[in-house]
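Protein chains get the first letters and strands the later ones, always in sequence-line order, with residue 1 at the start of each.
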Amino acid sequence: MDRPTTPSRPPLRSVLLRSRKHTVLGVDPQHLIRWFFGGNASIAVIVLVLIMTFLLREGIDFLPTYRHELQTYRRAGLEFCDIIDQPLQQNQTLSSSLRQAVSASLETLSKSARDRRDAAFLLKRQIEDKTTQTSESLSQALEKTPPLPPEELAVLRSELQKAAAAAAASLTYTDLFSAAEREQLQREFAALTPEVTDLPPLLQTLAADFTAKDREARTKFASLVQAQEEFEAATEPLQEVVDELKQHAQETKENAVEFEVLETNRLRLLEAAAKEKDPVEKASLTKEAEASFTEAVNLAERIQAITSRATELREQVEKYALVIEKAAAVLPTDAGTGVARTMVNDVRAGIPVHAQAMRKAAAQLDSWRWDKPVSIFTVVGAFFFGTSWITNSSWQDFFGFVPLLSGSLVIAFIAILIATPVSVVAAIYTNQFASEREKELIKPVIEFIQAIPSVVLGFIGISLVGNLIKDVSEWSWLQWIPGFPIQERLNMFNAGCLLAFMAVPTMFSLSEDALNNVPRAYIDASDALGATKLQTVFRVIVPAGISGILSAILLGLGRVIGETMVVLLVAGNRIAIPDFSAGPGAIFQPAHTLTGIIAQELGEVSRGSSHWQALFMVGIVLFVISLLVNWCARAVARRFEPHKA
Amino acid sequence: MSADSAAKTTPPPVVQVRDMDFCYGASKALFDINLEVKYHRVTALIGPSGCGKSTLLRCINRMNDRVPSARVTKGEVLVKGKNIHDADVDLTQLRKQVGMVFQKSNPFPKSIYENVAYGLRIHGEKNKNALDEAVERSLRHAALWDELKDRLSANALALSGGQQQRLCIARAIATLPDVLLMDEPCSALDPISTLKIEELMSQLAREYTIVIVTHNMQQAVRISDFTAFLHLGKLVEFSPTEELFTNPREKLTEAYLRGTFS
Ligand SMILES: Nc1ncnc2c1ncn2[C@@H]1O[C@H](COP(=O)(O)OP(=O)(O)O)[C@@H](O)[C@H]1O
Ligand SMILES: [Mg+2]
């Protein structure tokens with residue numbers, strides 16, 4: 001009876017109007033949710049911008065501060081001294097080589113005599129150590145003023161003799177001595193008493209033997225010895241002048257810095273006084289400011305004391321250069337041993353170069369001007385291309401970036417060189433050849449590496465990898481490897497190995513993803529043409545995934561450059577540009593890094609100092625490098641991925 | 001006529017499928033298939049989707065081997081008289097003899113030249129001249145040479161859809177296979193590209209034996225000499241195309257052709 005009726009439709013107008021029921025404070029919840037998500041995304045962007053601003057704010061002042069410091073360095077005359085002092089450092093190296101060569105040469109003749117003498121003296125010392133108590137009580141007894149009765153002394157004496165005899169018998173005599181000599185030594189040692197200060201006769205002979213041998217050696221290598229002595233002597237007058245100037249410059253600098261501190265203090269007080277309303281307070285502030293007043297250092301006058309000696313300095317340098325060149329000319333071509341001979345030859349080659357460098361430096365003295373302003377470009381150059389990072393120095397702080405950058409780059413390079421084949425090969429294997437069960441094992445294991453705290457890895461690097469590398473480097477059949485045997489357990493190679501280990505998970509996972517993303521259709525096509533599995537993998541899958549693999553490598557590089565803990569613990573922290581003249585073996589040298597230096601020094605410097613600001617500059621550069629690497633990774637990923645387009 | 005010339009006029013079938021059952025794991029996909037593919041003829045496989053056309057096609061070059069647990073459970077497949085499941089058959093050689101073109105064009109992200117040369121390279125051809133010749137011949141056969149001869153080093157992915165599919169055909173025929181398997185090669189293409197490929201196929205049929213899966217019955221009529229109709233994994237009817245379309249033997253075929261199909 002009631003037929004189904006079509007439900008009446010609402011009037012059009014009310015349909016089109018927005019429903020008011022589901023609004024929160026008059027806002028559609030859809031919008032709220034959108035804002036919520038959008039807000040979270042933008043927080044990330046905002047934080048990034050904040051980080052950048054913060055870094056820039058702290059770091060950008062570095063340039064003016066450093067400029068000011070370099071200006072003082074110049075005006076006080078430190079720079080002038082360094083013109084000569086820097087190349088003069090080479091003198092130390094040459095001189096030490098020469099000294100080593102001389103002693104190695106002398107040893108060829110005198111070594112056995114010296115060893116015999118030293119061994120005998122060592123034995124004597126051991127006897128004396130063992131009989132200290134008895135011999136001391138005897139000497140005390142002997143010194144008593146009413147002298148002790150002779151029988152008591154005799155008792156003490158016999159005790160000492162017994163002790164000495166026992167000690168002499170218990171010693172092990174090296175086979176440097178013949179049987180007869182051993183016997184004689186034992187006898188003489190047993191007879192030691194505190195009253196006799198003369199050496200036992202055999203010891204005297206041994207000492208005399210050595211002296212004779214040494215004299216003989218010195219006559220045999222007379223020319224070498226003489227050259228060495230001349231070389232050392234030549235340095236002295238020049239060094240004296242330089243030291244004198246340096247001291248003067250140092251004083252100037254200290255005074256200038258002190259004046260600056262006081263002056264800023266005074267100005268600040270005056271400013272405060274100007275603002276102060278209370279007249280009593282105001283008066284006291286003004287008084288304090290006046291107390292802080294000091295005479296400005298007359299730089300022009302003080303520098304006069306240094307520059308006026310330029311001519312003298314130049315003459316000294318010339319004299320020095322002449323003398324050492326003469327010394328080089330008379331250096332004998334022969335030395336006692338092969339090692340000594342190469343050392344002498346190195347020195348012979350090194351001296352003219354050094355002399356030339358000294359002359360060149362001396363020539364610069366004239367054109368040096370104390371009041372030449374330090375341009376901002378010089379400062380930027382001094383930071384980015386400066387080759388020394390010297391802080392807390394009593395002489396002058398330098399903030400040169402190159403040693404840190406080179407350390408970071410070499411370590412990153414080693415790490416990537418090791419990690420790339422490992423992770424890419426592992427990714428190819430896992431993605432293409434491994435069975436399901438193997439995949440289930442390999443992937444979590446490699447990804448777990450990421451969970452290892454880097455400080456633990458650093459620990460492993462110090463305690464395990466370092467020793468391992470050092471031990472391996474001493475194997476005789478590996479000596480063809482440049483840099484072997486290594487000197488330092490903590491070095492760039494060690495850090496590179498550990499960083500490689502840390503980078504593997506990132507690079508492995510991303511490479512594996514890249515291979516996974518290679519379209520199935522390519523594999524179908526290759527299979528259908530009769531390709532073997534290996535051919536498909538290496539001719540189709542890997543080339544098609546190469547962009548993903550490259551970007552994985554770049555992201556790994558980003559990870560490696562930013563890593564701190566491991567390099568801080570393991571890289572050896574020597575702030576110096578690796579000596580690349582050593583060839584590839586340079587990777588076994590210690591170094592410091594951009595990240596390590598910040599972690600190590602930031603906690604110790606005072607806020608706002610130039611050192612603090614320099615560290616922030618390093619941070620900025622690090623940040624920029626990371627951005628660049630990531631950007632490259634993205635660009636690469638897009639560039640070679642046509643099947644994703 | 002001598003027996004010799006008789007053999008020439010009717011060469012032996014290139015592909016023979018005999019009493020074949022095929023299973024994906026526990027579920028049977030093909031039942032007791034018998035099929036003979038004639039030398040230098042186009043054979044079309046038609047049927048509703050899911051009936052096993054692709055599966056049958058992939059049995060001929062053993063592409064199903066890659067599906068774990070998929071296997072022929074009964075019968076045999078012969079290519080040029082040789083059972084392709086014999087232990088002494090080299091799979092790479094089989095696939096060199098039996099080329100395949102897929103539904104969706106899939107050139108490698110390499111240059112046009114490298115795409116065509118790929119099949120030869122993986123079979124060990126290193127001679128530059130031989131490769132050049134093969135590339136030119138294959139592209140000419142695929143009617144692409146005139147369009148592409150000036151940009152052989154361009155990336156193949158920059159080509160249009162139809163060109164890509166023809167490039168895939170060129171790639172498949174570069175190794176001079178005896179049989180060319182095509183799985184709905186035109187289904188993703190516009191009508192003009194489809195037409196070009198159909199023209200191409202009638203050209204190719206002079207030199208190759210073609211097995212083509214198609215959804216489009218007009219296409220089957222236009223290009224094929226023989227047609228096989230499959231339904232639910234069974235080969236319902238297999239006869240010369242004209243006969244099958246004008247005078248089907250089976251009711252099921254007729255129903256399918258009419259479109260009154262449940
Ligand atoms: N890889 C596979 N694994 C399991 N079953 C499959 C697979 N491929 C196809 N099948 C099944 O086999 C039957 C035939 O498929 P297919 O040959 O692709 O049909 P057609 O190409 O005729 O549309 C379908 O029922 C399908 O579900
Ligand atoms: Mg299909």
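Heavy atoms of other residues, nucleotides or ligands lying less than 6.0 angstrom from NZ of A:K439 number more than 12. More than 12 non-hydrogen atoms from other residues, nucleotides or ligands lie less than 6.0 angstrom from CZ of A:F623. Heavy atoms of other residues, nucleotides or ligands lying less than 6.0 angstrom from OH of B:Y39 number 12 at most.
Residue B:N106 comes nearest to A:A525 through the heavy atom pair ND2-CB, 3.4 Å, listed as atom of the first residue, atom of the second, then distance. Closest of all the heavy-atom pairs between A:A528 and B:N61 is CB-ND2, 4.5 Å. Residues B:F108 and A:Y522 share a closest heavy-atom pair of CE2-O, 3.3 Å.
For B:V101, no part lies near chain A; criterion is any non-hydrogen pair under 4.5 Å. In this structure, chain A has a heavy atom under 4.5 Å from the backbone of B:P107, while its side chain stays farther away. Both the backbone and the side chain of A:I523 come within contact range of chain B, judged by heavy atoms closer than 4.5 Å.
For residues 122-136 of chain B, the interface with chain A (any heavy-atom pair closer than 4.5 Å) comprises B:I122, B:H123, sorted by residue number. Within residues 110-118 of chain B, the residues having any heavy atom less than 4.5 Å from a heavy atom of chain A are, in residue-number order, B:K110, B:Y118.
You'll find the side chain of A:D524 reaches within 4.5 Å of the side chain of B:R66, heavy atoms only.
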